[in-house]
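Only one structure is covered here, and it is reproduced in the block below.
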Number of protein chains: 2
Amino acid sequence: MLRTARMAASANAEGSLLPIDTILVGDCIKHMNALPAGSVDLVFADPPYNLQLDQGLTRPDQSRVDGVDDAWDKFDSFAHYDIFTRAWLKAARRILKPDGAIWVIGSYHNIFRVGAALQDLDYWLLNDVIWRKANPMPNFRGTRFTNAHETLIWAAKDRDSRVTFNYEQMKQANDDVQMRSDWLFPICTGAERLKDDDDEKLHPTQKPEALLYRVISATTKPGDVVLDPFFGTGTTGAVAKKLGRHFIGIEREDTYIAGALKRIASIRPLSAATIETAVPKRSAPRVAFGSLVEMGLITPGTELYDDRQRWSALVRADGSLVSGDHMGSIHRVGALVQGAEACNGWTFWHARQGSRLAPIDDFRSQVRAQMERLSA
Amino acid sequence: MLRTARMAASANAEGSLLPIDTILVGDCIKHMNALPAGSVDLVFADPPYNLQLDQGLTRPDQSRVDGVDDAWDKFDSFAHYDIFTRAWLKAARRILKPDGAIWVIGSYHNIFRVGAALQDLDYWLLNDVIWRKANPMPNFRGTRFTNAHETLIWAAKDRDSRVTFNYEQMKQANDDVQMRSDWLFPICTGAERLKDDDDEKLHPTQKPEALLYRVISATTKPGDVVLDPFFGTGTTGAVAKKLGRHFIGIEREDTYIAGALKRIASIRPLSAATIETAVPKRSAPRVAFGSLVEMGLITPGTELYDDRQRWSALVRADGSLVSGDHMGSIHRVGALVQGAEACNGWTFWHARQGSRLAPIDDFRSQVRAQMERLSA
DNA sequence: AATGCTCTTGAATCCAAAC
DNA sequence: GGTTTGGATTCAAGAGCAT
């Protein structure tokens, strides 16, 4: 019998078969195998690291470093670790939707085995992402470089998956340049770090919420289901709830579950308005150039130019263009005059507006705004 | 018969059995197997990455990206790539001295397989190091995070090896703080990039000398022997010579060898006194507005104002702003509400702090200071 | 001489809906 | 399911040239 620790405050209103907003108690492979196939949007996993710290590490002042030596982090060999890794990755892949994706975080002790396993199991790697720690633990012995980062792998269920990636959102958050594969965050300390009754850290490797915030907001939509098979103290659940996503956590240790339940219960979801994001151009309603002509925003007979006025074309009544011998759609004629394979006519062609040239895309924006107003 | 292209200017004065300061022509596994066991201090390897590019890629301006489509990067499957990888790694391990070490560089396409192979062959991983590219190629289709880094693995021949690590030198070069595992360098362009007679790049993936400079100065002593089984245009040889180390290169392609010979011949070794390294300073961490939201310094739903409170905007969960019909980054919305072409959102927008308004740039300064403090 | 502008280019697993 | 078509998409660093 598989145990469940349900969040009182988040009963599953949709009546889905999925144990939404719930922590499942026990082995993650068994629990995942009991879930319906193709039902989860994203898996985020922070598996045990197979750290081989067989002797204690001491700081220069002889104080002990509290290394990761819990029983769950011991594996006899790489072979055992590989068997474990492939088993849970396979179970995770089964429950992912066809367009689902997975994130796995690790360090050099385990991430190479995880990455190879992902490839062997026909996941399709999308990015490896570096979490650069603003405040890593120094290398006390001075024998290596400060181990100042961890690696995340983002992979699709398979090569054909069309995964969620909120590109525009990431770009806007990053001062209007593409978000890179190296992310800078402090490690989890202070008030965010969960403590036990003795004021010791409750979990040895609690991840910062900022890291999950970026993962979840970049690669899920509001309402999506995120499953974390190594839930620990529930950072994934806390951030999912905050961002209006659902979570499923799986965890074996009762002390972690107790901490996670309390933590998540105290989270207040952000309002729908703040979570809502701009509609990317890709999914904006389609507006044909011909309708601009029909609506009178562009008059037949108007001359269009590229931004440097190397080429021009005439707008015909049916919304097609003519330029010399070339005729066709705005895209086709734009490509033909340049001798290019393809062309986005919306940004290539411009119309005179007073003394300056305005891209015809501006007219389309007007139409779209008008349509939004009318439908609202 | 294995061919050799010896550097005229660097005949092997010590009479060693090793083909010092020489390029060996042909297959690296055969050549390594012909060298004496336990004779090399360091191996630096930049193997094929096994990129799987099945279609062309064009930039938004319709120009074509010159991708890596060379025959030497083609493998039938991961299984074939693994066989190749394990074969050369095994040959490399045999020729390493007992306290020798290896560096391998790669990307997410191949580095996980390389790392797992190193572990399986009883190498002992010391660090993974991230080369953060200052000027990576963007993701032109907006489908993923900018792939802005490559990964290097530094491993000892085995667990007991006492490898060379010039800790003090690295620390001094890094403003008296430990050198971290994330390194920032520009990619190899400009005058450093070797060109052929048609002024095309001679090699598709030439590495920057600065990267090798740090690798060699951190993990070898003057006079050590560095072997590079995928020598290419000889960056490893050029830097080794400059830093007073010996090199052995192995390369199959005659055009690369010709370029490497000419290049290395023109290198003047630094004086023994100068081989104290000078490494570039750390750059001030770049902090995006979205990070402030992710890190909880600015809460989604917060209202921002310009200094005279003529306009206001709402902070959304993804780090974008909304103000009336306008939405986008702090800069874009700042420009839109003013009807201006551009705007520095950092100084334009303010948040309430008690009774007064504080520019959001103040929050960024706090984060920067915190990160500097923590990393120092 | 210094500054500013344009043009080129880089290890890339880079589209999606309609027909 | 394959094919066609619409139209979405880029950042930093050098080099070269003009002011």
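Chain letters run A, B, ... following the sequence lines, proteins first, then strands; residues in each count from 1.
Proximity of Gln55(B) to the phosphate of dT13(C): no side-chain N or O atom is located under 4.0 Å from OP1 or OP2. Not one side-chain nitrogen or oxygen of His331(A) sits closer than 4.0 Å to the OP1 or OP2 atom of dG6(D).
As judged by a 4.0 angstrom heavy-atom cut-off over every strand, Ile330(A) is placed among residues making no nucleic acid contact. Within 4.0 Å (heavy atoms only), Arg64(B) reaches no atom of the nucleic acid at all. Among the heavy atoms of the strands, none lies under 4.0 Å from Asp70(B).
Projected onto DNA chain D by closest heavy-atom contact, Arg332(A) and Lys281(A) fall at different nucleotides, the more 5' of which corresponds to Arg332(A).
Seen from the ring of Phe78(B), Arg113(B) counts as a face-on cation partner, given the 6.0 Å and 45° thresholds.
Legend: residues meeting salt bridge (Lys or Arg N to Asp or Glu O under 4.0 Å) with Arg159(A), ordered by chain and number and at least two apart, are Asp54(B).
If you check dG16(D) for Watson-Crick or wobble pairing at under 3.5 angstrom, you find it paired to dC5(C). The partner of dC11(D) is dG10(C), judged by Watson-Crick or G-U wobble contacts that both fall below 3.5 Å.
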Polar-atom pairs under 3.5 Å, protein N or O versus N or O of nucleotides 11-15 of chain D: list them with distances, or write none.
{"unit_1": "dC11(D)", "atom_1": "OP1", "unit_2": "Gln178(A)", "atom_2": "N", "d": "2.7"}
{"unit_1": "dC11(D)", "atom_1": "O2", "unit_2": "Pro136(B)", "atom_2": "O", "d": "3.4"}
{"unit_1": "dA13(D)", "atom_1": "O4'", "unit_2": "Asn135(B)", "atom_2": "ND2", "d": "3.4"}
{"unit_1": "dA15(D)", "atom_1": "OP1", "unit_2": "Ala191(B)", "atom_2": "N", "d": "3.0"}

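Classified by interplanar angle (parallel below 30°, tilted 30° to 60°, perpendicular above 60°), the ring pair Phe247(B)/Phe231(B) is parallel.
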